[in-house]
Amino acid sequence: MSSGEKPTLLLIDGHSLAFRAFYALSPDNFKNSAGQHTNAVHGFISMMLNILELEKPTHLCVAFDVSRESFRTKELPEYKGTRGETPEEFIGQTELLVEALTAMNIVSVSRENYEADDLIASLSVAGEKAGMEVLVVSGDRDTFQLITEKVTILYPVKGVLNLARMDDAAVLEKYGVHARQYPELAALVGETSDNLKGIPGVGPKTAAKWIQEFGSLEAILQNAEQIPGKVGNSLRENAELAVRNRRLNHLLRDLEFDFTLEDLELGPVNEDAVSESFAKLSFRTLLTRVLKLRGTNGSQHKVISAKVMHEESDHTSVIDAPAAATSAVIADLPTEPIPSELADLVSIERLIGSGDCCVHVEIADSKVVGLGAATLSKRLQWNGEGNPDPLLETGGFGTWDYKMLSRNLAGIGISLGPITNDPLLSCYLIDPLSKDLNPDAQIRQHAGIDIVRQDPNELLSQSDPSLDAWIYSVLVAVTCPQLEAEGSLAVYRDIELPASAVLAKMEQLGIAVDRDYLETQFQELDAEVAKVAQEAYAIIGHEVNLASPKQLQTVLFEELGMVGTRSVKTGFSTNAEALATLYEQTEHPFLERLLAHRDATKLRQMAETLIKSIEKDGRIHTSYSQVGTSTGRLSSENPNLQNIPIRSARGQKLRGAFIAGAGFETLLTADYSQIELRIMAHMSQDAGLIEAFNAGEDLHNFVGSRLYDVAPDQVTPDMRAKVKAMSYGLAYGLSDFGLARQLRIDKREAKQLMEDYFSRFGGIKTYLDQVVQRAKTLGYTTTIYGRRRPFPDLNSKIFQLRENARRAALNAPMQGTAADIMKIAMVNVAKAMDQAGLRSQLLLQVHDELVFAVYPGELETLKQLAVTQLGQVVKLSVPLDVHIGVGANWELAGH
DNA sequence: CTCACTACGTA
DNA sequence: CGTACGTAGTGAGT
């Protein structure tokens, strides 16, 4: 251990980690020669080594429970009583683990009557007092009470390999209370895993709210009379439960030990001892890792890893044949040794030859820690020496999920250069419905190659970036010719690839938001929710979970005796449409409150989600999924900025939170009006619809005038609404039934409307029928740019499936073409802005709308540029109409 | 803890 | 019995 480093004490809850390891690895795969299971021991050591590697602690101690009995079970016999029997295969492994730890010179500790957490708590305090940083690995949230500036909990989340760093900020973020308050929250809520019941009706949210309000559990209990409602009663009745829980979850911090902190220091290991111990356990791969990580005070030269052997050569070491971890199939592919240095990779052409080079990058601790490059026949791997960043910034290679990599690299100050290929995108274009868009699944599917990622004896796979890079190369080599054969290579090269670079930038920019504004909105909505809920309860005379369709069914259709309209699986629907119908029938005031409550909770939740999404830069960075839809559209997530309310006045106010941000003048939106209907007009070549778009008249008025044989200015709002619904519905495969339901007219009238429509605009029907027919024959639909979507269900014997497929098929070319056009527009806009030297920024895409931040002085230029670029993407039989909006925020800039 | 279901916001 | 999405809450299951 280098003396300059800050001493760091790592404390591990032995059983907690051993159990996780036990469930992560199959016992069947891990037995020693005596038939004793060793999966928990193996997994534990592997995970421990992983933590040692990442955290580089100087001191380590592992604490175990002696048995289930402790002073806590003496007070409360049922404490932790819900824990099931220890699995048979686990028995004996703790002892083996302690032995192995001893062989590695690692101190393990346990004590009669105390739990491991008490030992950890006491050691943690001791370590902190001695000026050390302390890391605690424990799956027990009670340890959160130990968190201080110096003490961090590594808490296992989802999966074996993930440890969340819980410090005070993380606890506050996740639970809404400070770490020191966490046990008070747990005392109120209860802890199922410890068999501790909490206050009935009190969940983490309520508990956090109270703690925030009163400051402590004690204060809450003192002021219990002030707490209203059911939960208030519950609290008063069960106060002693909380007190008991708090007593039980308090960890002892003053236990003393017969060793000193110095005894916990990690030093070199005795190779023979570890070797012997691991031999008993039949572990082979772990030995290498231990010795490499810890160093040995035994014979120095026995352990030499493959990579070390090459170190003498240079920065980049040639990898010999693909690692043993890959399947035999890979060995069939030609490999040749390439003497190379990092510099050779920078002049990428030499490596590529006629093939395509791909890279795979691994990032950890804000650094590039792994870099592999490959063509079909060559694999190079960086060994960690020298700086690979310039290579990445030069670009000129392919990689999987450029957009994600670009964002991750940007996060650590590296700007990824332009790329040549992204097999994620090519695989998506081949099968936009694919459920498993990951490299291993795709190479199995497209090239029949099975990638075996890890030796079953190894919990933590050794990373092999060049293998990943090689997989990408294979995928590029297989999918591009297929795309070419299908006529969709241009969609890949000219649309998706360039769009991914534009999207990467948009994601990184994010959009500025006004946090105070959003918080005010949230507060208002929160008050409204509470008010409306109380009114609703008063009307029906009792409380009910207004968010529970099931409970609402009881209230509406049993207690209030209403007659349901639409049926869903659980009974009658309680959705807004059904409630509206019920309201027409009964005018019951409860329905009003319920609808208002739904509205307000939905908006409140959105406001909350948005607030939580604001990053340190004061902006919201959504992620666009370029492979998330079957039609070619984008989707937006974390948060979804493509469904921010606009229709209702109250909802629209949320848009006011999105602003241009410091240094920018205003927001500008550019949207295509009725783009899908225009595409329908073009594709169908229906003379009536084409004329409608070229007439310069309001579209729906024009169509209405044709349909009802009146002058355009004689079309009533009612007529216009019907025509509009009809026009849009067409593109979705709307039926007379659906049209009738939507317009609340009878089916006969709806049917008549459709017949009239088709008699005036016959080309549309012909076109739609032809789309479906073609899709039935070919098995897929295409957009005008060649994007395909397969339709396996179009010939299904099951009516429902076939019908669903039919409607989706007739819509896909229109929605897909619109998506293509918008993506091209984005690419062209970005390019034009660049060429014009504009400093304005493209920030968001919402299917048919783009949102820009306008740099001071660029408003007119940008307006012109946007109109031009969006409008001239493609020449159709009807013009592409672009509408511009300008305003200080998204609400004002909207249309 | 995960999943299906219901609900609801957008284009 | 209208296409395409993402998110959140409930309640029943593991």
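Proteins come first, then strands; the chains are lettered A, B, ... in the order of their sequence lines, and each starts at number 1.
In this structure, A:Asn638 reaches the sugar-phosphate backbone alone: every heavy-atom distance under 4.0 Å involves primed, P, OP1 or OP2 atoms, never a base. Nucleic acid contact for A:Ile644: sugar-phosphate only, since backbone atoms but no base atoms lie under 4.0 Å from a heavy atom of the residue. Among the protein residues, A:Lys602 comes within range of the nucleic acid bases, having at least one heavy atom under 4.0 Å from a base atom. If you check every strand for non-hydrogen atoms under 4.0 Å, A:Arg598 touches sugar and phosphate atoms only. Residue contacts shown for A:Glu676 are absent, as no nucleic acid heavy atom lies under 4.0 Å away. Heavy atoms of A:Gln815 sit under 4.0 angstrom from at least one base atom. Here A:Ala818 lies out of heavy-atom contact (under 4.0 Å) with every strand. Residue-level contact check: A:Ser625 touches neither bases nor backbone, having no heavy atom under 4.0 Å from any strand. Backbone-only contact: A:Asp599 has heavy atoms under 4.0 Å from sugar-phosphate atoms and none from a base. Among the atoms of the strands shown, none is found under 4.0 Å from any heavy atom of A:Thr601. If you check every strand for non-hydrogen atoms under 4.0 Å, A:Arg789 touches sugar and phosphate atoms only.
Comparing A:Ser735 and A:Ser636 by the nucleotide of DNA chain C that holds the closest heavy atom to each, the one mapping nearer the 5' end is A:Ser735.
One atom, CE of A:Met606, and another, C1' of B:dA7, lie 12 Å apart when rounded to the nearest Å. When the P atom of B:dA7 is taken as reference, atom CG of A:Asn545 falls 13 Å away, rounded to whole Å. Here the P atom of nucleotide B:dT6 and the CZ atom of A:Phe572 are 14 Å apart, to the nearest Å. A:Lys550 has its NZ atom 13 Å from the P atom of B:dT6, to the nearest Å. Here the C1' atom of nucleotide B:dG9 and the CD atom of A:Gln642 are 12 Å apart, to the nearest Å. The nearest whole Å value for the distance from the CD atom in A:Gln605 to the P atom in B:dC8 is 12 Å. In this structure, the CZ atom of A:Phe658 is 13 Å from the P atom of B:dT10, given to the nearest Å. In this structure, CZ of A:Arg650 is placed 17 Å from C1' of B:dC8, rounded to the nearest angstrom.
For DNA chain C, the contact window with chain A, defined by any atom under 4.0 Å from a protein heavy atom, covers C:dC1 to C:dA12 in 5' to 3' order.
Scored by the side chain to side chain donor-acceptor pair (under 3.5 Å) test, A:Arg141 finds A:Tyr155, A:Tyr182, A:Glu191 as partners (sequence neighbours excluded). Every residue was checked against the side chain to side chain donor-acceptor pair (under 3.5 Å) condition with A:Ser684, not counting sequence neighbours, and none meets it. By the side chain to side chain donor-acceptor pair (under 3.5 Å) test, A:Thr206 pairs with no residue at all, sequence neighbours left out. Residues forming a side chain to side chain donor-acceptor pair (under 3.5 Å) with A:Asn545 (at least two apart in sequence, or on another chain): none.
At a threshold of 4.0 Å, the pair A:Arg787-A:Glu496 counts as salt-bridged, since one of the basic side-chain nitrogens sits closer than that to a carboxylate oxygen. Comment: A:Arg604 does not engage A:Glu608 in a salt bridge, judged by the lack of any side-chain N to carboxylate O separation of less than 4.0 angstrom.
Pairs of residues two or more places apart, or lying in two chains, that qualify as salt bridge (Lys or Arg N to Asp or Glu O under 4.0 Å) and include a residue from residues 721-733 of chain A are A:Asp718-A:Lys722, A:Lys722-A:Glu749. Each side-chain hydrogen bond (donor to acceptor under 3.5 Å, both in side chains) pair with one or both residues in residues 725-742 of chain A, not counting sequence neighbours, appears once here: A:Glu577-A:Arg741, A:Ser727-A:Tyr757. For residues 629-648 of chain A, the pairs satisfying salt bridge (Lys or Arg N to Asp or Glu O under 4.0 Å) are A:Arg633-A:Glu676, with sequence neighbours left out. Identified under the salt bridge (Lys or Arg N to Asp or Glu O under 4.0 Å) test for residues 795-815 of chain A, with sequence neighbours left out: A:Glu803-A:Arg806, A:Glu803-A:Arg807.
Contacts between residues 799-812 of chain A and DNA chain C, defined by a heavy-atom separation under 4.0 Å, are made by A:Arg807, A:Ala808, A:Asn811.
Applying the 6.0 Å contact sphere to CZ of A:Arg748 captures no more than 12 heavy atoms from other residues, nucleotides or ligands. Residue A:Glu173 qualifies as open at atom CD: its count of foreign heavy atoms under 6.0 Å is 12 or below.
Paired regions of DNA chain C, where each region holds three or more successive Watson-Crick or G-U pairs whose two hydrogen-bonding distances fall under 3.5 Å, are B:1-11 with C:3-13.
Remark: A:Arg647 is in phosphate contact with B:dT10, judged by side-chain N or O atoms under 4.0 Å from OP1 or OP2. Regarding contacts with the backbone of B:dT6, every side-chain N or O of A:Thr574 stays at 4.0 angstrom or more from both OP1 and OP2.
B:dA4 and C:dG2 have their C1' atoms separated by 23 Å, with the value rounded to a whole Å.
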Side-chain atoms of residues 767-776 of chain A: list all donor-acceptor pairs with protein atoms under 3.5 Å, sequence neighbours left out, distances to 0.1 Å.
none

